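Here the structure is laid out as structure tokens; the discussion comes afterwards.
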Amino acid sequence: MPKEKAPKRAAKTRVQKKKKDPNAPKRGLSAYMFFANEQRENVREENPGISFGQVGKVLGERWKALNKTQREPYDAKAEADKKRYEDEKASYNANDEEEESA
DNA sequence: CCGATGATTGTTTAT
DNA sequence: ATAAACAATCATCGG
């Protein structure tokens, strides 16, 4: 039996998360974001005049419809994006102790 | 090391 | 500006 993780992620932008990190470096994006960026126009093009509900859905459908091979470019971006976030985090760490004295 | 959590990211559309 | 479907993520924390 598959291990049940914990699908406890509310579906609504977390509403102003709590305050934990001083600079909150915000992680990077996700493959879906990159993929959606490209498909969004495509999907909408094939679905002339559909509502967000449809677009968003068909978007996800196609997303997985791709083979990991196609995810490569998106995954690659997500990967690079993560690195980007790593950078902020790095700076966020560096500042963690020292204050920004101008 | 492992596991669980939370926080976040971006799109679309509509109000 | 925000909300919700859609998906990934994956960094962080703690023992």
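Model, not experiment: these values are computed from the prediction. Lettering of chains follows the sequences in order, A, B, ..., and the numbering in each one begins at 1.
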Review point. Do you know the tightest heavy-atom contact between Y85(A) and G28(A)?
Key: CB-N, 3.1 Å
Practice item. List the atom of G60(A), the atom of Y32(A), and the distance in Å for their closest heavy-atom pair. Key: N-OH, 3.4 Å
Practice item. Please list residues of residues 65-73 of chain A whose heavy atoms come under 4.0 Å from any atom in DNA chain C, ordered by number; otherwise none. Key: R71(A)
**Study point:** Any K89(A) side-chain N or O less than 4.0 Å from OP1/OP2 of dT12(C)
**Key:** yes
[X] [atom1] - [N] [atom2] separation (whole Å):
X	N	atom1	atom2	answer
R84(A)	dC10(C)	CZ	C1'	17 Å
E46(A)	dT11(B)	CD	P	20 Å
D81(A)	dT11(B)	CG	C1'	15 Å
E79(A)	dA11(C)	CD	P	11 Å
L59(A)	dA8(C)	CG	P	13 Å
E88(A)	dC10(C)	CD	C1'	14 Å
E61(A)	dA7(C)	CD	P	8 Å
Y85(A)	dG6(B)	OH	P	16 Å

**Study point:** Atom pair CG/CZ of N42(A) and F35(A) - distance to nearest 0.5 Å
**Key:** 9.0 Å
Review point. What is the distance from atom CD of E45(A) to atom CD of Q39(A), rounded to the nearest 0.5 Å?
Key: 11.0 Å
Point to revise | Donor-acceptor under 3.5 Å (N47(A) side chain, V43(A) main chain) | key: yes
**Study point:** Non-neighbouring partners of E72(A) that pass salt bridge (charged side-chain N to carboxylate O under 4.0 Å, His left out), sequence neighbours left out
**Key:** none
Exercise for review: Output the residues of residues 28-38 of chain A in contact with DNA chain B, where contact means a heavy atom of the residue under 4.0 Å from an atom of the strand; sort by number or write none.
Suggested key: G28(A), L29(A), Y32(A), M33(A), N37(A)
Check your understanding: Do NZ/NE/NH1/NH2 and the carboxylate oxygens of E46(A) and R62(A) come within less than 4.0 Å?
Key -> yes
Review point. Can a salt bridge be assigned to the pair D75(A) and R71(A) using a cut-off of 4.0 Å between side-chain N and carboxylate O?
Key: yes
Review point. Closest to the R40(A) side chain: dA7(C), dT11(B), dT8(B)?
Key: dT11(B)
Check your understanding: Which of these passes side-chain hydrogen bond (donor to acceptor under 3.5 Å, both in side chains) with E86(A): K83(A), K89(A), K82(A), R84(A)?
Key -> K82(A)
Review point. What is the nucleic acid contact for D75(A), judged by heavy atoms within less than 4.0 Å: base, sugar-phosphate only, or nothing?
Key: sugar-phosphate
